[in-house]
Amino acid sequence: MLVRIALLTTVIAAIVVGAPLAHADDIATTDITFIRSDATTTGATVHAPAGATGRPGVVLVHGSGTSNSPQYAQVATALAREGIVALRYDKRTEDYTPAHRDYSLLADDALAGVAALRSRPEVDPSKVGIWGLSEGGWVAPLAASRSADAAFLITIGANSGVPAAQQTWANETRFEAAGVRGSMVDVLGRNGIRVMAGAGLFAQADYDPLPVLARIEQPVLGIWGEQDRLTPPGDSLRGFQEVFDRTGKTNYTLRTLPNAQHGGFTTTDGFDRGEELAPGYVRLMGDWVKGLPGTADASADSPAVQGHSVTPLAPLKWWESPTAQLIVLVGTVLALLGYALTGFVRAWRLPSVAPARMLVAASVIGIAGAFAQLLFVASSRATQFGPLIFGRTLSWAALQVIACCAVVALGFVIVGRPRSRDGVGPRIRWVLVVCAGIGFTVWAVYWGLLRP
């Protein structure tokens, strides 16, 4: 009997003593709100080890887009398990579009998050830093450069170049991976970005992060996935290191994560994203933060190997400007419409209508198809484009054939010029369709439909 009582007592004691250990890794989440710099409020969630006090803290700054991706909660929870309190907040979506966003305002939002986290009992207010992903790799450094309240800076997938050049590199990288080459890459991957930026349709296209990086005094941990396909990981690591070394900064650490993609997740090819964070990623951040200042030791990994380096975007020449492009396009469309409308007057019809009709149809299809391709490339991250013909997708090859047909038809139209006896009407229609054909030819050459 005494033995049974002793055994029961031992089991109960083990349960009571072991209960806290079983929950030692539990994470407490607390929903809060805080006031941003413009007096508006936003919601946020604090992820902390249960019962934490006086821990280091970090505010998570979003990448591009307006949705609250589950990856931020995953990163915040992982950091909390490393003993670091993490705050993730709702990103500002007001006046945030592909054509407009304000990095300065987003940086102020991040600093408001720092102030909110510094006031929490779970953290040591002198050890609260900022973490930024992708676009947050431009915003978070800007925030850190403005306030000593941010104790450190961590970036993942950050860029040392301007957004327009980074996006061009990303477009070219996915074309390269798919085997696409030639005019489709040059035009859709590069000229499209240049013209969008010139037209003011690419937000913060020329934002230069280097002067901001040069002003940062806090310890910096820069991390890049070895297989990043959205940010040039090798060029960006080199850019960070060059600016830090040039300014004499010594409290930085730059790391390349093996087999990791843009956001630090596992990947098979750099384009897909696994469900788990890359091995060693969270431990790297946890050990680095908890070991500061000694862990910021002016060390850098070898830059990741890239398929190609970033090439700066050439400034638009006057004939490439959005205004010039618009004049050519609008002039071509008006000439096409004029030709079509005057066709209702029987006496104005051309003696030979087949070449003109082919020219009009090919021009309309070519313009509409090229715009569809541009929109597809700009709005998606597709890495597979179906079967290729000489490095061209079937749709692009078809558009090039149609454009060639338009040029051939233009030649026949010019040769078949109406004679004076045919009257004024047919000659006016001939001028309209020839102007439309010339305008389309010029436009198609620039946009690659008539280039190899």
Could you tell me if the side chain of [Y] sits less than 4.5 Å from the side chain of [X], heavy atoms only?
X    : Y    : answer
L336 : F440 : no
L394 : I389 : yes
T295 : T253 : no
V162 : W138 : no
P56  : V123 : no
N259 : Q227 : yes
P303 : D235 : no
L111 : R146 : yes

Please report the interatomic distance [atom1]([X]) to [atom2]([Y]), rounded to the nearest 0.5 Å.
X    : Y    : atom1 : atom2 : answer
I154 : L221 : CD1   : CG    : 5.0 Å
W131 : I156 : CH2   : CD1   : 7.5 Å
T231 : L237 : OG1   : CG    : 12.5 Å
L230 : R174 : CG    : CZ    : 9.0 Å
T342 : W430 : OG1   : CH2   : 14.0 Å
E172 : I193 : CD    : CD1   : 9.5 Å

Output yes when a side-chain donor or acceptor of [X] lies under 3.5 Å from a complementary backbone atom of [Y], and no otherwise.
X    : Y    : result
T168 : A164 : yes
E242 : G239 : no
R194 : A314 : yes
D272 : T267 : no
Y207 : Y103 : no
T393 : L388 : no
R88  : T45  : no
T256 : I223 : no
Q166 : P232 : no
S134 : G63  : no

Specify the closest pair of heavy atoms between [X] and [Y], including all atoms of both residues, with the distance to one decimal.
X    : Y    : answer
R101 : T97  : NH2-O, 3.0 Å
V114 : D149 : CG1-O, 3.9 Å
G225 : P233 : O-CB, 3.5 Å
L316 : G198 : CD1-CA, 4.0 Å
A158 : G137 : CB-CA, 3.7 Å
C405 : M358 : O-SD, 4.2 Å

Without hydrogens or angle criteria, can the side chains of [X] and [Y] be said to hold a donor-acceptor pair below 3.5 Å?
X    : Y    : answer
S395 : Q373 : yes
T173 : R229 : no
N251 : Q218 : no
W443 : T332 : no
N68  : D90  : yes
Q400 : S183 : yes

Please check if the number of heavy atoms outside [X] that lie under 6.0 Å from its [atom1] is greater than 12.
X    : atom1 : value
E275 : CD    : no
R273 : CZ    : yes
I35  : CD1   : no
K249 : NZ    : yes

Should [X] and [Y] count as an ion pair when the cut-off is N to O under 4.0 Å?
X    : Y    : result
D108 : R92  : no
K91  : E135 : yes
E94  : R36  : yes

**Asked** Is R255 close enough and on-axis enough to W224, meaning under 6.0 Å and within 45°, for cation-pi?
**Response** no
**Prompt:** Passes side chain to side chain contact (heavy atoms under 4.5 Å, CB included), D102 versus Y96? Steps please.
**Reply:** CA-CA 8 Å; D102 187 340; Y96 181 96; over 6 Å; no
**Message:** Pair F412, L359 - check side chain to side chain contact (heavy atoms under 4.5 Å, CB included), show working.
**Reply:** CA-CA 9 Å; F412 278 99; L359 173 58; over 6 Å; no
**Prompt:** Can you name the ring-ring contact (aromatic ring centres under 6.0 Å, His included) partners of Y252, sequence neighbours left out?
**Reply:** F244
**Request:** Might you work through the side chain to side chain contact (heavy atoms under 4.5 Å, CB included) test for L374 and W447, ending with a clear yes or no?
**Result:** CA-CA 10 Å; L374 284 167; W447 289 105; 4.0 Å; yes
**Prompt:** Under 30°, 30 to 60°, or over 60°: which ring-plane class applies to F175 and F385, parallel, tilted or perpendicular?
**Reply:** tilted
**Prompt:** Could you walk me through whether D228 and Q261 pass the side-chain hydrogen bond (donor to acceptor under 3.5 Å, both in side chains) check?
**Reply:** CA-CA 5 Å; D228 196 333; Q261 51 82 261; over 6 Å; no
**Prompt:** Which is it for R238 and S309 under the side-chain hydrogen bond (donor to acceptor under 3.5 Å, both in side chains) test, yes or no, and what are the steps along the way?
**Reply:** CA-CA 11 Å; R238 277 188 291 267; S309 290; 4.7 Å; no
**Request:** Using the side chain to side chain contact (heavy atoms under 4.5 Å, CB included) rule, take V58 and V289 through it: C-alpha gap first, then chi angles, then the decisive distance, then the call.
**Result:** CA-CA 9 Å; V58 65; V289 170; over 6 Å; no
